[in-house]
Amino acid sequence: MTPWLDLPGVTERLAWWSAVSGLDLIHYGTKADEEEIRDTAVAQPLLVAAGLLSAHALFAPGAEGAPGAGRPDGLANRIGAAAGHSVGEITAAAATGVLTDEAAMVLVRRRGLAMAEAASHAETGMAAILGGEQDNVVAHLGKHGLTPANVNGAGQIVAAGTAEQLAALAEDKPEGVRRVVPLKVAGAFHTVHMAPAVATLEALVAGVPVADPRIPYISNRDGKVVASGAEVIERLVAQVSNPVRWDLCMETFQELGVTTLIEVAPGGTLTGIAKRALPGVATLALKTPDDLDAARALIAEHTDPAADTPAE
């Protein structure tokens with residue numbers, strides 16, 4: 001997060017989010033090493049904070065052509081839909097107005113803690129499967145008792161399960177698969193192993209104030225557009241122990257006629273998938289403040305300036 005701290009108000013915003021989440025985001029986002037941030041209770045809040053910081057910067061009041069992220073005008077009003085992958089769904093929920101920033105940071109911190117606790121009960125993990133035909137890969141995972149935790153499209157599926165199951169997969173790759181790559185994660189996320197975390201979060205979100213999304217919100221559960229804030233939160237919680245269907249989200253992007261995709265910080269993975277799965281769709285990963293001008297120009301190029309006029 002170091003380069004973002006040079007922007008006005010970012011240090012103060014991170015200090016506030018650190019206070020509400022109970023995690024020193026400035027330290028972990030600038031000075032912590034890989035081992036420290038591998039802890040999912042730390043990594044998840046960092047990911048959401050980075051995404052929200054970059055979104056705020058993209059639609060910051062006073063930025064040329066971007067009157068404000070929190071109002072239905074300017075570049076923000078030209079965004080046709082929003083989605084997030086896994087924990088990024090919380091970022092998307094805040095960016096679309098379903099949650100306040102503060103509620104998002106509290107929720108993601110509790111989500112990370114609950115998932116870390118659930119992961120501590122058994123030695124579990126995840127591995128990316130590159131290549132192969134999707135139905136065959138999924139069937140092969142079932143043979144080993146593994147879950148297709150992320151179905152990302154473009155020939156990428158992430159398997160999750162116990163260490164023994166993943167070791168068996170490494171020795172017995174599905175037909176047509178180029179590589180099985182172990183991931184540096186703390187557990188088997190988006191599987192039944194996370195059921196205890198779901199119960200913890202269900203009790204927590206009962207009192208969270210929510211609003212309906214201001215723009216179409218696309219859910220990881222099935223790629224559907226969700227118009228109810230209450231349903232978005234229900235899906236966020238349930239998704240902790242259910243597979244991420246990013247492939248279906250991208251199908252919905254196509255159905256909606258999306259012409260450009262901007263991935264907020266830390267950025268890079270989803271644009272890489274989109275380049276393969278959504279030919280003809282312009283992409284940009286918003287990794288540092290140096291990418292802001294290009295992101296604003298891309299939005300302006302692919303949208304109608306008349307959309308800046310707030311709806312009655």
Side-chain angles (χ1 to χ4, degrees), residues 38-40 43-44 83-89 111-112 114-202 218-224 234-254 269-270 272-278:
R38 187 178 299 171
D39 180 355
T40 195
Q44 290 192 29
H85 186 287
S86 188
V87 72
E89 287 206 289
R111 181 186 192 268
M115 291 174 72
E117 169 61 23
S120 71
H121 298 310
E123 187 179 357
T124 59
M126 306 176 80
I129 301 170
L130 307 179
E133 198 279 325
Q134 181 169 304
D135 289 343
N136 290 341
V137 171
V138 170
H140 191 86
L141 295 183
K143 184 177 77 170
H144 290 291
L146 290 158
T147 299
N150 300 164
V151 182
N152 290 330
Q156 185 190 104
I157 293 176
V158 175
T162 66
E164 292 80 8
Q165 291 167 339
L166 291 168
L169 175 66
E171 294 296 323
D172 177 30
K173 294 191 292 289
E175 181 181 356
V177 166
R178 300 190 305 277
R179 287 193 299 157
V180 176
V181 183
L183 300 181
K184 296 179 180 179
V185 296
F189 304 141
H190 301 293
T191 72
V192 68
H193 296 282
M194 292 293 111
V198 172
T200 298
L201 293 175
E202 283 176 339
I218 302 171
S219 170
N220 282 180
R221 177 185 293 176
D222 49 18
K224 301 296 185 184
E234 181 273 323
R235 285 170 171 249
L236 282 178
V237 172
Q239 204 64 46
V240 168
S241 63
N242 285 291
V244 170
R245 292 302 306 268
W246 189 249
D247 60 329
L248 300 181
C249 291
M250 290 192 296
E251 287 181 12
T252 301
F253 296 160
Q254 288 184 310
T269 300
L270 299 181
I273 294 172
K275 286 176 181 178
R276 299 188 297 274
L278 299 172

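The first residue in the sequence is number 1, and the count goes up from there. This structure is a prediction, so every number in the text was calculated from the model and none was measured.
Side-chain contact between I218 and F253 is present, with at least one heavy-atom pair separated by less than 4.5 Å. At a threshold of 4.5 Å between non-hydrogen side-chain atoms, the residues T147 and L141 do not count as touching. Side-chain contact between S219 and L236: absent, with no pair of heavy atoms (C-beta onward) separated by less than 4.5 Å. No side-chain heavy atom of L146 sits less than 4.5 Å from a side-chain heavy atom of H140. The shortest distance between side-chain heavy atoms of Q156 and L130 falls below 4.5 Å.
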Given salt bridge (charged side-chain N to carboxylate O under 4.0 Å, His left out), test R221 with E234 step by step and report yes or no. CA-CA 11 Å; R221 177 185 293 176; E234 181 273 323; 2.9 Å; yes

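In this structure, the separation between NE2 on H144 and CD on Q165 is 9.5 Å, given to the nearest 0.5 Å. Interatomic distance, H85 NE2 to M250 CE, rounded to the nearest 0.5 Å: 9.0 Å. Atom OG1 in T200 sits 12.5 Å away from atom CZ in R111 (nearest 0.5 Å). M126 CE to F189 CZ: the interatomic distance, rounded to the nearest 0.5 Å, is 7.0 Å. Atoms CD and OG1, from E164 and T124 in turn, are 10.0 Å apart once rounded to the nearest 0.5 Å. Note that CD1 of I157 and CD of Q134 are 4.5 Å apart. Values are rounded to the nearest 0.5 Å.
A donor-acceptor contact under 3.5 angstrom links the side chains of S86 and H190, judged on distance only.
Among pairs with a residue in residues 131-143, those fulfilling salt bridge (charged side-chain N to carboxylate O under 4.0 Å, His left out) read K143-D172, at least two apart in sequence or across chains.
For R245, the salt bridge (Lys or Arg N to Asp or Glu O under 4.0 Å) criterion is met by D247, not counting sequence neighbours.
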